[in-house]
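So the structure is just underneath, and the comments pick up after that.
Predicted model, so just to flag it, every value in this text is computed and none were measured.
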Amino acid sequence: MALVTTRELLDEAVASGTAVGAFNVVHLETAEALATGAEQAGLPLILQISQNCIRFHGQSEPIVTATLAVARASSARLSVHLDHIEDARLVDEGIELGV
């Protein structure tokens, strides 16, 4: 299970006529709680990281790396998504970090 692409989750949801939840990560504990909820529900989930979240943490690397680690360690199928990013530099950083 673990880390999958957002495209995979969306394609599966469309094919099955369902939806996939997407929730914003604020800090590591949020990512962990969302992963635990997805595991307990047996459902996939999109973990979203916003531009405001990155600015709150001072840079991309800490929160993106931590969220990716949570997704990789989870038994749920999780993706990590940059949500409403307007700064192209942050998009590039996210791609370099593995989002």
Side-chain angles (χ1 to χ4, degrees):
M1 304 258 176
L3 183 64
V4 298
T5 67
T6 301
R7 170 56 63 194
E8 287 176 73
L9 297 182
L10 294 176
D11 286 347
E12 291 166 8
V14 169
S16 65
T18 61
V20 59
F23 297 90
N24 281 6
V25 170
V26 178
H27 41 65
L28 176 58
E29 293 80 5
T30 307
E32 292 171 326
L34 290 167
T36 298
E39 290 167 0
Q40 291 176 354
L43 295 171
L45 188 70
I46 301 168
L47 302 174
Q48 299 185 137
I49 300 173
S50 71
Q51 186 164 308
N52 286 337
C53 177
I54 292 169
R55 290 214 169 108
F56 173 79
H57 289 280
Q59 57 184 350
S60 299
E61 188 174 7
I63 192 63
V64 170
T65 302
T67 303
L68 286 166
V70 167
R72 287 184 182 113
S74 178
S75 62
R77 299 182 72 240
L78 303 176
S79 73
V80 178
H81 169 80
L82 296 179
D83 183 45
H84 294 98
I85 302 292
E86 296 178 358
D87 183 336
R89 180 184 55 81
L90 296 179
V91 173
D92 291 341
E93 288 175 8
I95 291 168
E96 288 175 22
L97 292 168
V99 174

Identify each donor-acceptor pair in which a side-chain atom of residues 81-89 lies under 3.5 Å from a protein atom, sequence neighbours left out, and give them as a table.
unit_1: Asp87; atom_1: OD1; unit_2: Arg89; atom_2: N; d: 2.9
unit_1: Arg89; atom_1: NH1; unit_2: Glu93; atom_2: OE2; d: 2.7

Worksheet item: Are any of the side-chain heavy atoms of Leu3 and Leu78 separated by less than 4.5 Å?
Response: no

Item to complete: Measure the spacing between SG of Cys53 and NE2 of His27 and express it to the nearest 0.5 Å.
Response: 9.0 Å

Discussion item. Tell me whether Glu12 contacts the main-chain N or O of Leu9 through its side chain, where contact means a donor paired with an acceptor under 3.5 Å.
Written reply: no

Discussion item. Walk me through whether Ser60 and Leu90 qualify under side chain to side chain contact (heavy atoms under 4.5 Å, CB included).
Written reply: CA-CA 7 Å; Ser60 299; Leu90 296 179; 3.5 Å; yes

Discussion item. Applying a strict under-4.5 Å side-chain criterion to I, L, V, M, F, W and Y, I'd like to know whether Val26 and Ile49 cluster together.
Written reply: no

Worksheet entry | Name of the residue among Val64, Ile63, Thr65 meeting side chain to side chain contact (heavy atoms under 4.5 Å, CB included) with Glu61 | Thr65

Item to complete: Verify the cluster assignment for Phe23 and Leu28: are they in a single hydrophobic cluster under the rule of side-chain heavy atoms below 4.5 Å apart?
Response: no

Fill in: Side-chain touch Ile54/Gln59, heavy atoms, less than 4.5 angstrom
no

Only pairs under 3.5 Å count here: list side-chain donor-acceptor contacts from residues 33-45, not counting sequence neighbours, and write none if there are none.
unit_1: Thr36; atom_1: OG1; unit_2: Glu32; atom_2: O; d: 3.0
unit_1: Glu39; atom_1: OE2; unit_2: Ser74; atom_2: OG; d: 2.7
unit_1: Glu39; atom_1: OE2; unit_2: Ser75; atom_2: N; d: 3.2

Discussion item. Nearest 0.5 Å, please: how far is OG in Ser50 from CG in Asn24?
Written reply: 5.5 Å

Worksheet item: Do the side chains of Gln48 and Val25 get nearer than 4.5 Å, heavy atoms only?
Response: no

